[in-house]
Amino acid sequence: MKPAFSAVELLLVAGITAILVAIAVPGYLEAKVRAEVVDVQVKMREITGALAQYSIDYNGQLPEKWSYGQPSPLKRLVTLGLISYEPTDRFKEGLQGVGVWYSDPYITFDYIDPTNNQHKLWFARMIAKAGTAPKTNPFQYWYMKSIGPDQTDFHDEGNIRGLNKANPLGMVEYDPTNGVFSLGEITRSDQDGS
C-alpha cells in the first residue's frame, strides 16, 4: 500500500493555508492603498512646484479654472512643460459617479473664495493650518483634491451617506489613522508647506 495523506491531514493543511492567507491579504491590500495615497501626495507636491513656477512666469496668475467637463487647468502645466505627465487621480480610474464629477480623470484643481459661504470653513482651516495672514486677492487661494481610497467625493457622500453637516463644502480630509479605506479626500492647498 502506497503512503498517502489522510483526509484529516489535508484538511489541516488547507486550514493552515486559509489562516495564512487571511492574515496576509489584508496587510497586502493596506500596503497597496498606502502606496497609492503616497503616489497621489507626491503628484500633488510636484504640481505645487509647477504652479509656483507658472505663477512666477505669469505675473502671479494661476491656470484658469474652466467649467466642469472641460480639460483640467492642470493640463496646461503639461502643455507648458512644467510637469511631464498628465496629473490623473488614480482613485478615479474606471469610476462612474454623480453627473460629470468623475468624467474628468485629473486631480481636481479649484480656487477657494473666502467670501463664499460654502468655502468659509475650508478657508478657515487652510489659514489655521498655515498660520499666515490672508492674501489681498482671494482668488490666489487654491486647493487640489483626490477622491481618495473610498472612491467617492462629496457629491456621492452627500447623496449616499448624508451631507457632512460639520463641513458645508462637503470636503472631509482623508486621515489614514481612521483606516486606509476611511472616508475623505486627499487634499493639498497653497497654504500647505512644501
Side-chain angles (χ1 to χ4, degrees), residues 25-55 62-66 68-112 119 121-123 125-126 128-130 140-161 164 167 169-194:
V25 168
Y28 166 76
L29 292 175
E30 186 168 318
K32 181 177 181 282
V33 169
R34 285 187 191 275
E36 289 174 336
V37 167
V38 168
D39 177 62
V40 168
Q41 290 170 333
V42 166
K43 281 182 182 178
M44 287 182 173
R45 195 171 296 121
E46 290 173 8
I47 293 166
T48 300
L51 288 169
Q53 184 62 49
Y54 186 99
S55 179
L62 290 172
E64 183 182 351
K65 172 64 182 166
W66 299 324
Y68 290 102
Q70 297 296 317
S72 168
L74 298 179
K75 194 166 185 176
R76 181 152 169 71
L77 301 176
V78 178
T79 307
L80 295 170
L82 296 173
I83 51 178
S84 58
Y85 57 88
E86 294 182 355
T88 56
D89 182 353
R90 71 182 309 123
F91 294 110
K92 283 186 183 177
E93 292 173 5
L95 287 180
Q96 294 184 358
V98 177
V100 298
W101 308 115
Y102 299 142
S103 63
D104 181 352
Y106 297 101
I107 290 170
T108 301
F109 174 81
D110 209 342
Y111 295 98
I112 295 176
H119 290 193
L121 233 147
W122 181 244
F123 176 73
R125 283 183 11 214
M126 282 174 54
K129 185 190 290 188
Q140 288 178 311
Y141 293 101
W142 55 262
Y143 71 91
M144 286 182 280
K145 139 178 116 66
S146 162
I147 62 171
D150 66 339
Q151 294 192 307
T152 59
D153 72 358
F154 69 95
H155 301 286
D156 277 344
E157 289 159 6
N159 289 335
I160 296 169
R161 304 176 194 190
N164 179 354
N167 188 351
L169 185 54
M171 254 198 273
V172 178
E173 289 185 82
Y174 173 74
D175 185 355
T177 60
N178 296 330
V180 291
F181 294 102
S182 70
L183 186 70
E185 283 79 60
I186 302 166
T187 62
R188 185 175 180 87
S189 77
D190 68 319
Q191 297 297 294
D192 291 325
S194 56

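Since this is a predicted model, take the numbers as computed values, not measurements.
- The heavy-atom pair separating Asp89 from Ser146 by the smallest distance is OD1-OG, 2.8 Å.
- Atom OH of Tyr143 and atom OG1 of Thr108 lie 7.0 Å apart (nearest 0.5 Å).
- Taking the salt bridge (charged side-chain N to carboxylate O under 4.0 Å, His left out) definition, one finds that Arg34 meets it with Glu30, sequence neighbours left out.
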Review point. Passes side chain to side chain contact (heavy atoms under 4.5 Å, CB included), Phe91 versus Val37? Steps please.
Key: CA-CA 9 Å; Phe91 294 110; Val37 167; 4.0 Å; yes

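- Contacts of Glu86 classified as salt bridge (charged side-chain N to carboxylate O under 4.0 Å, His left out), with partners at least two apart in sequence or in another chain: Lys75.
- Across all their heavy atoms, Leu74 and Ile107 have their closest contact at CD1-O, 3.5 Å.
- Of all non-hydrogen atoms in Pro63 and Leu51, the two that sit nearest each other are CD-CD2, 3.7 Å.
- Using a 4.5 Å heavy-atom cutoff, the side chains of Arg90 and Asp39 are in contact.
- A distance of 10.5 Å separates CD of Gln53 from CG of Leu77, quoted to the nearest 0.5 Å.
- Not counting sequence neighbours, the partners of Leu80 by the side chain to side chain contact (heavy atoms under 4.5 Å, CB included) test are Tyr54, Tyr58, Arg76, Leu82.
- Listed by chain and number, the residues in a side-chain hydrogen bond (donor to acceptor under 3.5 Å, both in side chains) with Tyr85 are Glu46 (sequence neighbours excluded).
- To the nearest 0.5 Å, atom NZ of residue Lys92 and atom OG1 of residue Thr88 are 9.5 Å apart.
- Between atom CE of residue Met144 and atom CZ of residue Arg45 there is a gap of 10.0 Å, rounded to the nearest 0.5 Å.
- Remark: Thr187 OG1 to Met44 CE distance equals 7.0 Å, nearest 0.5 Å.
- Within the model, atoms CZ of Arg188 and OG1 of Thr48 stand 4.0 Å from one another, a figure rounded to the nearest 0.5 Å.
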